[in-house]
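The structure appears below as structure tokens.
Here is how names work: the chains are called A, B, and so on, in the same order as the sequence lines, proteins then strands, and each is numbered from 1.
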There are 2 protein chains.
Amino acid sequence: MATTAGGRRIASEGAGEPATLGEAAYQHLRTDIVAGALEAGKPLRLEALRQRYGFSFSPLREALMRLQSERLVLSTALRGFSVAPLSRDEMNDATETRILIESEALRRSMRDGDDDWEAAIVAAFHALSLQVERQSRISDEVDAVDMHAMDERHYQFHRSLIAHCGSPRLLDLADQLYVETQRYRLPCLVGRVAGTQARDVAAEHQQIMDATLRRSEDAVRHLAEHYRRTAATIEASMAWPLPAQSDIRLPR
Amino acid sequence: MATTAGGRRIASEGAGEPATLGEAAYQHLRTDIVAGALEAGKPLRLEALRQRYGFSFSPLREALMRLQSERLVLSTALRGFSVAPLSRDEMNDATETRILIESEALRRSMRDGDDDWEAAIVAAFHALSLQVERQSRISDEVDAVDMHAMDERHYQFHRSLIAHCGSPRLLDLADQLYVETQRYRLPCLVGRVAGTQARDVAAEHQQIMDATLRRSEDAVRHLAEHYRRTAATIEASMAWPLPAQSDIRLPR
DNA sequence: AAATGCAGTTCTTTCGAAAATTTAGTCTTG
DNA sequence: CAAGACTAAATTTTCGAAAGAACTGCATTT
């Protein structure tokens, strides 16, 4: 097995082969939770997971542990794990926290960013634009593969903005919140007819980038609006699971 | 700290006995890392930990996994774990991130806080004051037990300020950063002669509380200064391990 | 009927050993 | 003597089964 450099568990890390089964399990589970293949709120029985993925208990447990600390999985002491439920409150909390973190990171990047940083932003924006164009050219429907390619570019663009903030913690938190909010974004993308959006997301990105390169505080405002608008769109269009009474278990 | 910092993890956790060995291992390891009993930078060999704590591999691994995502432990794919090193950069990053998070949480608490919230702050402040007084009365030297009692009150006070922010994520992050920064604070407290401090920490706390109850933005400023002053004090007084060349391993 | 108590079952958690990989040491070779 | 190759030891990772706790359904009691 080819060893991957053990970087922090960032969203883009998945590229190389995972060095351990635990890592592999983590990646698979995370992908499936984010994509909704493992339904929100449902319990994650170890035996079922073993059959589904072919990992044995130890790596699975390890993966679930990690996912728990990223808020994708819940666990109760002797009752096992479950997929973290989706809710308006969680989404909004995640969105606002993301805005807090990324605003600060963006400010710092704008303060200290160098030419390479700027160049990377322009490049990422371009790559994202190309992807959008290609997609609308090739097919009307957005399928899972397109969606992931798209999402990767989208991630790279947003990350490039804050990349020069100088704080490993902020970048880490941003990554984590990106993944969390992905759970809410992705379901709304699949099956959507390309170009249907009322919003001009591309224009929003352009606005953010331009203001960022101008080192203008407008960038922060645009970014926040961008995220809030996305959250609002999702909140409106999503079929929210009403918090089931039966799922609520009093601790002991 | 009576309550585990990562308050979300387990429903029934808290002060009581940990329900599983994994949880117990987590608590022990965390305590020992924060207190410096497990030296920063040193590798954590599973066999050694098994002998020291009496837990077998599975619970230990689980605990280490959790600690890794809280930045107290590092791990590399097939080379095991080590205690996360201490450094000026990490401390400052943690401090600034903490300020970012708690400032926002404090603002929200001040915006929405009710009478109970205010009462809890006053109570926590009082408890902290009593503890400080008792300590300086009983003995000159600060020992480990005093230190923990003190730290618990201190934690409760700071937490009471932001308790009403309404965001589970912010509270969680604040808890995590509290623990992280504890690694830097605690070593500076042990052995210190009580009342020696040039700073009047009690007065700083009073200032923060007063401004908070007035719902004044000053509270945020005072809080930030409080944290920065602490960081500066530590930065000056601590014997920093110089980043050893030999510890650096290139990942292939 | 509601509450209580009691098997049997399901599921999580833990253990100890086996497998896989890295690390250290030794020897060889150019 | 440095670089490489091989071997042995140390260490992590993984497995599968055993142990322990929670859940289910049913009978019993109030």
Side-chain angles (χ1 to χ4, degrees), chain A residues 1-6 9 16-29 38 41-69 73-83 244-252, chain B residues 9-13 16-29 38 41-69 73-83 244-252:
Chain A
M1 246 186 230
T3 324
T4 315
R9 68 188 75 81
E17 318 263 297
T20 68
L21 294 184
E23 178 68 24
Y26 166 76
Q27 287 178 17
H28 282 231
L29 280 169
L38 293 170
K42 286 276 162 62
L44 292 164
R45 295 280 147 60
L46 286 172
E47 178 54 29
L49 295 177
R50 191 184 65 71
Q51 289 195 356
R52 172 167 185 160
Y53 298 101
F55 301 113
S56 69
F57 291 159
S58 320
L60 283 173
R61 213 143 202 302
E62 185 172 310
L64 290 167
M65 226 61 209
R66 275 172 76 174
L67 291 164
Q68 187 194 12
S69 65
V73 155
L74 301 180
S75 96
T76 321
L78 290 156
R79 295 179 201 168
F81 303 86
S82 62
V83 183
Q245 291 294 53
S246 61
D247 287 350
I248 295 166
R249 287 273 158 82
L250 292 181
R252 309 226 151 176
Chain B
R9 280 184 188 284
I10 286 163
S12 66
E13 71 184 3
E17 292 92 68
T20 67
L21 294 183
E23 178 68 23
Y26 166 76
Q27 287 177 14
H28 282 234
L29 280 169
L38 292 168
K42 286 275 162 60
L44 293 164
R45 294 278 149 60
L46 287 173
E47 178 54 29
L49 295 177
R50 191 185 64 72
Q51 290 195 359
R52 172 166 187 161
Y53 297 102
F55 300 112
S56 70
F57 291 157
S58 319
L60 282 172
R61 214 140 201 299
E62 185 171 309
L64 290 167
M65 225 63 209
R66 277 173 74 174
L67 291 164
Q68 186 193 12
S69 64
V73 155
L74 301 180
S75 94
T76 323
L78 289 155
R79 296 179 199 168
F81 302 85
S82 63
V83 183
Q245 291 294 55
S246 61
D247 287 349
I248 294 166
R249 289 272 159 85
L250 293 181
R252 305 223 146 175

Any side-chain heavy atom of A:L29 within less than 4.5 Å of one from A:V73? no

CZ of A:F55 versus P of D:dG16: gap in Å, rounded? 14 Å

For B:P59 and B:S56, which heavy atoms make the closest approach, and how far apart are they? CD-O, 3.0 Å

Heavy-atom pair of closest approach, residues A:S75 and A:F81: CB-CD2, 3.4 Å

Decide yes or no for B:M65 and B:Q68: does some side-chain heavy atom of the first lie under 4.5 Å from some side-chain heavy atom of the second? yes

Check whether any side-chain nitrogen or oxygen of B:S56 sits under 4.0 Å from OP1 or OP2 of C:dC15, and answer yes or no. yes

Side chains of A:L64 and A:L46: does their closest heavy-atom pair fall under 4.5 Å? yes

Just how far, in rounded Å, is P of D:dT13 from CG of B:L60? 13 Å

Could you tell me whether the side chain of B:E17 reaches within less than 4.5 Å of the side chain of B:Q27, counting heavy atoms only? no

A:M65 CE - D:dT13 P separation (whole Å): 16 Å

Under 4.0 Å protein heavy-atom contact, by nucleotide of nucleotides 7-13 of chain C - B base, S sugar-phosphate only: ----SSB

